[in-house]
Amino acid sequence: MNGNLYFNYNMKKIIFKSVFIFVSFFIFALLNLTPVLAQNDIEDLQENIRVPETQINIPGLEFSDADLEELQTKDIGPFGRLNTYYYFPYFGEYLAAVYKYTIGAIAIIAVIVLIISGLQWASSAGNDEMINSAKKRIIGAVMGLVIAVSSYTILYIINPDLVQFNNIKVLTVVGEDVDLENAVYDGKQVASEFITYNADPSRALSDSQYDEIFKSFANCIDADWRLLKVMAYKESRLRKDIKNKEGFIGLFQTKPNFCRSALRNYPQWAGKCNDLTDPYVNTAVGAMMLKTGLAKLNKCPSLSTVDQGILIYLNHNSGGGAVNWMIKNGACGGGNLIEETIIAFWDQHKNGRYKGQEKGQKRYKFAVGVSKLFLDQGVTNFKDTSQNGDFRCPLTEYTSDVASSLKNVSINCDDAFNGRKVLAIGDSNIANSSSFVEKMDTACPNVEFEKKAYSGEDAGDLWKKIEDGTIDLSNYNDVIIWIGVNDLDNATRDLEKIYREARDKNLRVIAITLTPWKDYGSWTEQRQLKTDEINTWIKNDGGGFLSGQKIIDAYYLLEDPKNPDYLNPLYQRDLIHINNAGHELLAKLIAVKAF
């Protein structure tokens, strides 16, 4: 030993990280952050602000009280405006306590080093090497102690600001009421009474993207489909991904708990309420709300059409309980009585939480706009279904009833498809020697069905085979695409490539969704969410490449109606593959929908 101190590589990393973390915290403390807080939110802030509870207790650390009156300060800002700030000193107080504690710890360590070095010197028996080593440690300890104790003065001399731990301050602003019916945010009109974010582009009322969905669900409740379209337009501007700051999601602006309540009689659908960006699920909720609203009109038979529309929308916007209360308190008289009762409801039943009359007035005015738009679209009889077409109700189709409806249906292909060549590509489910492909090929002798199936492979593998010519799409008229769950992370990316290639070659695409697989060996909650996301993407036109194509929802077809996300025991070979009965059922549905 030569008395020098060496650090190994790991020790250097530890010292470097420690210095980096300390410097980062120190710089953050010097930042003069000024967020902005609406004055209307101050009461909520006072109610929720808490003195921090530290996981590591620092001796001598005391935080200021969480009292906004004590933390408030005012100054004159630009243009002579009086600004009110709230200071939050906790981070600075914590850093100051850490600084003081660190100085104390350094002093203790220095004293210990001095004692040990002194003992080493005293016991050296004249050994020069031991004496020199002890001297160096003593000198180092004294210098470190001096620097630590005088660090405040050194930093202050360099720059007084270096020893100031600035508090985080929040500027309050006074909010102003706006006409949210006509408000504009980021160049787009706000759809409902709350500012929205994370939304896909607004659509005009004339946009027909979701018309078939609205018509299908309107047939579930015997209502004019245009009611659903207008309500979705006014709620979300026909944006399926929209989410407002209150947490309401999708076309009809709902939440998972409301969704489950509205769809409680349809357990398979209620199990999908975790994905409210799915326009089918969201419209199912809107349809159920519309159904209860229409039923309430029976209590007010003398209302004008406009007033009926107002009550229908208020049932959706304020809830069935609100409309029941309104009817009980005179809303059936129509006109001003509807406005007065909705104002009274919000005032009396929410104890001013929603600003009483102001909230009721806003909801009433918005409901009037919705009702007038019903009439503008030609709706005169809310229960007239003549404009709906013959679309089948999805609430019936996507439950165990679908199996019953297909029970006596034979696999059959229309003569219009005679001579067509159909290729099915996929993984182990299609690889079954008695899959739906063989069943359709046997049942439809004038249509040629082939398959290329690869157990254990995913959409990316299928795309590579198409790209290198192993799978040649050029000799076919139709392609059925059905993947499994081998690679969920990249499924939509690779499926889009396959869909695009098929469309470029003028093939008709028949896309099948993933099937339920809960509790299979590799299943997790996170992978279930990804499965739902992929299926929603497929049902929403697969990146635009499935527009006008056929989509087979095998998930709803084969799901256990009593246990959402499980493969129906009647149709499973194991928890992830379907049996002969499952392939028979799938073949029937494909034949009905696509051939």
Side-chain angles (χ1 to χ4, degrees), residues 178-186 188-211 213-218 221 223-259 261-263 273 275-294 308-320 322-323 342 346 354 359-360 362-377 379 382 540:
V178 296
D179 180 6
L180 290 165
E181 167 71 11
N182 300 303
V184 173
Y185 172 68
D186 193 23
K188 295 182 173 62
Q189 193 170 30
V190 176
S192 62
E193 58 189 287
F194 300 113
I195 298 297
T196 54
Y197 58 91
N198 293 341
D200 49 353
S202 285
R203 292 179 173 83
L205 184 57
S206 58
D207 189 289
S208 61
Q209 179 171 357
Y210 302 118
D211 284 5
I213 298 177
F214 298 146
K215 291 176 181 178
S216 299
F217 281 99
I221 59 174
D224 191 315
W225 74 277
R226 291 170 293 187
L227 296 175
L228 287 173
K229 182 168 187 177
V230 167
M231 289 171 66
Y233 173 74
K234 294 293 285 186
E235 286 288 294
S236 66
R237 288 299 188 268
L238 300 178
R239 289 175 283 185
K240 66 181 179 62
D241 294 332
I242 196 170
K243 181 178 180 181
N244 73 15
K245 70 177 184 179
E246 301 295 323
F248 289 87
I249 303 168
L251 290 173
F252 290 87
Q253 293 291 276
T254 188
K255 290 183 175 181
N257 58 325
F258 297 151
C259 174
S261 176
L263 300 176
C273 289
D275 184 11
L276 293 176
T277 62
D278 184 337
Y280 287 88
V281 178
N282 213 291
T283 304
V285 179
M288 292 300 99
M289 294 297 291
L290 177 57
K291 180 180 180 180
T292 59
L294 289 170
Q308 288 180 24
I310 292 172
L311 279 188
I312 285 175
Y313 181 72
L314 287 174
N315 184 79
H316 177 94
N317 180 270
S318 295
V323 174
I342 188 61
W346 282 101
Y354 293 96
K359 191 70 175 181
K362 286 182 178 179
R363 291 181 179 243
Y364 173 75
K365 290 179 180 178
F366 198 83
V368 170
V370 174
S371 182
K372 290 182 177 179
L373 195 53
F374 288 155
L375 272 62
D376 289 344
Q377 295 303 301
V379 179
F382 296 153
N540 290 333

Donor-acceptor pair, distance only, cut-off 3.5 Å: does the side chain of Ser236 make one with the backbone of Ala232? yes

From CG (Leu276) to CZ (Phe248), nearest 0.5 Å: 11.0 Å

CZ of Phe366 to CD of Glu235, rounded to nearest 0.5 Å, is 6.0 Å

Just by modelled atom types, is the Leu205 backbone N or O under 3.5 Å from a matching donor or acceptor in the Lys229 side chain? yes

For a side chain to side chain contact (heavy atoms under 4.5 Å, CB included) check, start with the C-alpha distance between Phe382 and Gln308, then their side-chain angles and the critical distance, and finish with the verdict. CA-CA 9 Å; Phe382 296 153; Gln308 288 180 24; 3.5 Å; yes

Could you walk me through whether Phe252 and Val285 pass the side chain to side chain contact (heavy atoms under 4.5 Å, CB included) test, one step at a time? CA-CA 8 Å; Phe252 290 87; Val285 179; 5.8 Å; no

Evaluate Ile242 against Gln253 for side chain to side chain contact (heavy atoms under 4.5 Å, CB included), listing each step before the verdict. CA-CA 8 Å; Ile242 196 170; Gln253 293 291 276; 3.1 Å; yes

N/O donor-acceptor pair under 3.5 Å between Asn282 side chain and Ile249 backbone: yes

Has the side chain of Ser371 got a donor or acceptor atom that lies under 3.5 Å from a matching backbone atom of Val368? no

Minimum heavy-atom distance Asn540-Thr277, with the two atoms named: ND2-O, 4.3 Å

Does a side-chain heavy-atom distance below 4.5 Å link Val281 with Asp275? no

Gap between atom CZ of Arg203 and atom OH of Tyr210 - 0.5 Å precision: 4.5 Å

Could you give the distance from CG (Asp278) to CG (Leu251), rounded to the nearest 0.5 Å? 9.5 Å

Atom pair CD1 (Ile312) and OG1 (Thr292), whose distance is rounded to the nearest 0.5 Å: 10.0 Å

Is Lys291 atom NZ crowded by more than 12 heavy atoms from other residues, nucleotides or ligands, each under 6.0 Å away? no

Would you check if Ile342 and Tyr364 make a side-chain contact, meaning some heavy-atom pair closer than 4.5 Å? yes

Would Leu373 and Tyr233 count as a side chain to side chain contact (heavy atoms under 4.5 Å, CB included) if you check the C-alpha gap in whole Å, the side-chain angles of each, and the deciding distance to 0.1 Å? CA-CA 10 Å; Leu373 195 53; Tyr233 173 74; 3.8 Å; yes

Is Phe374 close to Met231 at the side-chain level, that is, under 4.5 Å between some pair of heavy atoms? yes

Heavy atoms of Leu263 and Cys273 approach each other most closely as CD1-SG, 4.2 Å

Donor-acceptor pair, side chain of His316 and main chain of Gly293, under 3.5 angstrom: no

CH2 of Trp346 to CZ of Arg363, rounded to nearest 0.5 Å, is 3.5 Å

Testing the basics here: between Leu238 and Ala204, what is the closest heavy-atom pair and its distance to 0.1 Å? CD1-O, 3.4 Å

